[in-house]
Visitor: 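There's a structure below that I have some questions on.
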Amino acid sequence: EDAARKALLLLQAQIKELERYKIAPKGESLKALKAACFTLGYSKDQLVDKATRKLDWSKMRKVFGGDFFDKLQSFDAVAVRKVHKYQTVEHIESLLEGITPEAMNAKSVAVGAVVAWNQSVLTVRKAAVEKRAREKEAAEAEAAAAAEAAAAEAAAA
């Protein structure tokens with residue numbers, strides 16, 4: 001994750017340049033940028049036109065000149081967060097399906113770096129969610145065993 005973050009910081013100027021694009025990137029590039037925005041916690045309202053319910057580039061491009069890099073630098077992939085359905089690991093993975101940093105680099109090095117960062121963050125987030133689930137299961141099993149032991153002790157008394 002840190003290597004991907006450092007690569008992005010080196011490309012900070014190029015990514016900020018996205019704000020100046022009058023015409024939206026096409027296809028996979030736009031999907032990749034949308035996925036990164038959702039990962040960082042941007043809402044659909046910040047990216048989507050309410051009337052058409054489609055990505056609105058005039059809204060979305062402002063993100064890249066705003067606090068995008070602050071969010072990127074301070075992003076904690078392990079932290080517990082409340083997310084909308086479109087911000088879940090599963091949904092973001094589906095947006096990025098078939099998109100590789102190498103393919104994006106051929107179109108835009110900045111977008112390629114964003115994809116690499118997003119993929120590494122998703123890997124860490126997934127592992128953290130799975131770890132929390134295992135810990136919760138273990139705690140529940142421990143509590144059930146303790147309750148059983150207490151019940152057995154009370155029955156014996």
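One is the number of the first residue; the rest follow in order along the sequence.
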Visitor: Go through the structure and list residues passing salt bridge (Lys or Arg N to Asp or Glu O under 4.0 Å) with Lys131, not counting sequence neighbours.
Guide: Glu135
Visitor: Would you list the pairs meeting ring pair (Phe, Tyr, Trp, His ring centres under 6.0 Å) in which at least one residue belongs to residues 129-157, sequence neighbours left out?
Guide: none
Visitor: Answer yes or no: is there a side-chain heavy-atom contact under 4.5 Å between Leu72 and Phe69?
Guide: yes
Visitor: Side chain to side chain donor-acceptor pair (under 3.5 Å) with Arg20: which residues, sequence neighbours excluded?
Guide: Glu17
Visitor: Taking only residues two or more places apart in sequence or in another chain, which ones pass side chain to side chain donor-acceptor pair (under 3.5 Å) with Ser43?
Guide: Gln46
Visitor: Once salt bridge (charged side-chain N to carboxylate O under 4.0 Å, His left out) is applied, what residue pairs with a partner in residues 41-58 remain, sequence neighbours excluded?
Guide: none
Visitor: Between Ala77 and Ala128, what is the shortest heavy-atom contact and its length?
Guide: O-CB, 4.5 Å
Visitor: Quick one: list whatever passes side-chain contact (heavy atoms from CB on, under 4.5 Å) with Val83, sequence neighbours left out.
Guide: Arg81, Gln87, Thr88, Arg125
Visitor: Output side-chain donor-acceptor pairs under 3.5 Å for residues 91-115, partner residues at least two apart or in another chain, one line each.
Guide:
from   : atom 1 : to     : atom 2 : distance (Å)
His91  : ND1    : Tyr86  : O      : 2.9
Glu93  : OE2    : Lys126 : NZ     : 2.8
Ser94  : OG     : His91  : O      : 2.6
Thr100 : OG1    : Ala103 : N      : 3.0
Asn105 : ND2    : Pro101 : O      : 3.3
Ser108 : OG     : Ala110 : N      : 3.4
Ser108 : OG     : Val111 : N      : 3.2

Visitor: Applying the 4.5 Å side-chain criterion to the ILVMFWY set and letting contacts propagate, would Leu122 and Val129 be lumped into a single cluster?
Guide: no
Visitor: Between atom CZ of Phe64 and atom OH of Tyr21, what is the distance when rounded to the nearest 0.5 Å?
Guide: 10.5 Å
Visitor: For Leu33, which of Leu18, Asn118, Leu47 qualifies under side chain to side chain contact (heavy atoms under 4.5 Å, CB included)?
Guide: Leu18
Visitor: Report, one line per pair, each donor and acceptor closer than 3.5 Å where one atom sits in a side chain of residues 136-143; sequence neighbours left out.
Guide:
none

Visitor: Side chain to side chain donor-acceptor pair (under 3.5 Å): which pairs involve residues 59-68, sequence neighbours left out?
Guide: Tyr42-Asp67
Visitor: How far does CD1 of Ile23 sit from CH2 of Trp57, to the nearest 0.5 angstrom?
Guide: 11.0 Å
